[in-house]
Amino acid sequence: MPLTRFTRSTEMTLLVVAVLGSAGLVAGSHGSLLHGDAIRGVLTYLTVPILIGLAQLVVLAVGQMNLSVGALGGFLAVVIAVLMADHGVPAPIAILLALAAGTLIGAANGLLVVATRINGFIVTLATMTILGGLQYRFAGTRTIDLGSSGLTRFGDMAVLSIPVIFLLALVIAGLLAFFLRRVATGRRMLASGGNPLAARLSGISNDRSLIVAHALSGLITGIAAIVTVASAPGVNKSIGGDWLLPSFAAPIIGGAALAGGSVSVLGAVLAAFIVRLVDVARAQYSLDPSWVNFTVGAIVLGTVIIGQVRQARQARTPSGRAGGHGAKDTGDAESGKYAPTARSTS
């Protein structure tokens, strides 16, 4: 029963935590968090964590990691700002160039992993270093202010106190969930991550899945960069420097398997919201900022440990041993019916 499965899922647990946490913070603020400006501020600063979490999620789906999410996002944000402020490039063209660059750089990461057979952790670590240097080269020590451009006006738009950029992030999340669950390419990515050997024997190209995952990660990171430029008061060399931990926190807390093959888009969105609630609590109760990173890191570590314990228990059962790495061939791979036995997306 779908409803019964959902009530026992990680997403349901996260939903309950999010509701209770929100209620507690609203009560602690005596209702001030329900004011339009407060809601708008919380959702605005929730948008980027959702997007970078999704950018990391698509790479985790194939059993890879992307350490360059923050560096790529910061680099693309600086590129957009420099093109618009220094060279007078119209916002639509700067946005298209950023999306194209993000996709190409992501695809290059995937191609390097496939061509060299070096772990994506190392490849994206190198990319992160290169992009960080380029970001500093373009931005220097200045803060680039776009003033009242069309892009910044877009960042200020809202519908009933709900920022348009937040609605955009939800649309991206919905499209990604549909892609991973219903589109053949997305299902092949999950199959490659869940059991690469079974996927290859079923006619699925694991290399192609890996390249597509990295390219899609770069595209979503480009969207996060656009949102950052639209909503931030200025762009400088520090943009993206604190994105790495949140990019992993959202999908991992949301139920993604580090080994690949099992991800939850809904879980990642809810986890990003909960992490944002921790930030709101820090500001509301004047807590030491170091406790925020400590709390988020502890939750991520605990989630990984619980996942490993659960996977070990499943491996000791007859059904777990029969399932290999958690995926099996349930049909024709080319028609998109190859699906991991683990949950794919919510």
Side-chain angles (χ1 to χ4, degrees), residues 9-22 25 42 45-73 119-122 124-125 128 169 173 176 193-194 213 217 220-221 224 240-283 287-314 326 342-346:
S9 65
T10 301
E11 293 87 343
M12 184 62 185
T13 302
L14 293 172
L15 180 60
V16 171
V17 172
V19 171
L20 293 178
S22 300
L25 289 176
V42 170
Y45 288 104
L46 175 60
T47 303
V48 170
I50 289 176
L51 290 172
I52 60 178
L54 297 178
Q56 194 68 250
L57 180 143
V58 293
V59 180
L60 289 173
V62 294
Q64 292 275 312
M65 295 183 184
N66 186 358
L67 299 186
S68 65
V69 166
L72 177 58
N119 190 284
F121 182 94
I122 303 300
T124 56
L125 177 62
M128 177 183 71
L176 181 60
S217 177
I220 299 175
T221 303
D242 57 350
W243 287 12
L244 187 58
L245 177 59
S247 75
F248 279 103
I252 291 176
I253 296 173
L258 287 177
S262 177
V263 295
S264 172
V265 172
L266 175 59
V269 172
L270 290 173
F273 179 70
I274 292 173
V275 172
R276 177 60 185 150
L277 287 182
V278 174
D279 282 326
V280 174
R282 178 197 64 79
L287 302 177
D288 189 335
S290 62
W291 282 101
V292 175
N293 288 338
F294 175 82
T295 302
V296 174
I299 294 174
V300 172
L301 180 60
T303 304
V304 172
I305 293 175
I306 293 172
Q308 293 295 324
V309 171
R310 184 181 302 169
Q311 187 177 19
R313 288 180 178 177
Q314 291 176 348
R343 182 189 69 258
S344 57
T345 60
S346 298

Might you point out which heavy atoms bring [X] and [Y] nearest each other, and give the distance in Å?
| X | Y | answer |
| --- | --- | --- |
| Ala250 | Ala271 | O-CB, 3.3 Å |
| Ala224 | Ile52 | CB-CG2, 4.0 Å |
| Ser264 | Gly254 | CB-O, 3.6 Å |
| Ala173 | Val269 | CB-CG2, 4.0 Å |

With sequence neighbours excluded, give me every side chain to side chain donor-acceptor pair (under 3.5 Å) pair touching residues 248-260.
none

Sequence neighbours left out, what pairs pass side chain to side chain donor-acceptor pair (under 3.5 Å) with at least one residue falling in residues 269-279?
none

Can you list the residues that meet the side chain to side chain contact (heavy atoms under 4.5 Å, CB included) rule with Leu125, with sequence neighbours excluded?
Leu67, Met128

With sequence neighbours excluded, residues passing side chain to side chain contact (heavy atoms under 4.5 Å, CB included) with Ile299:
Ile253, Thr295, Thr303

Gap between atom [atom2] of [Y] and atom [atom1] of [X] - 0.5 Å precision:
| X | Y | atom1 | atom2 | value |
| --- | --- | --- | --- | --- |
| Leu20 | Leu277 | CG | CG | 11.0 Å |
| Leu245 | Ile252 | CG | CD1 | 9.0 Å |
| Thr13 | Leu270 | OG1 | CG | 10.5 Å |
| Leu51 | Leu176 | CG | CG | 10.5 Å |

Please tell me if the side chains of Phe273 and Leu14 come closer than 4.5 Å, counting only heavy atoms from C-beta onward.
no

N/O donor to acceptor pairs below 3.5 angstrom from side-chain atoms of residues 54-63, sequence neighbours left out:
| from | atom 1 | to | atom 2 | distance (Å) |
| --- | --- | --- | --- | --- |
| Gln56 | OE1 | Asn66 | N | 2.8 |
| Gln56 | NE2 | Asn66 | O | 2.9 |
| Gln56 | NE2 | Ser247 | OG | 3.1 |

Stepwise, does the side-chain contact (heavy atoms from CB on, under 4.5 Å) test hold for Asn119 with Met65?
CA-CA 9 Å; Asn119 190 284; Met65 295 183 184; over 6 Å; no

Is a side-chain donor or acceptor of Ser217 paired with a backbone partner of Ala213 at a separation under 3.5 angstrom?
no

Set of residues satisfying ring-ring contact (aromatic ring centres under 6.0 Å, His included) with respect to Phe294, sequence neighbours excluded
Trp291

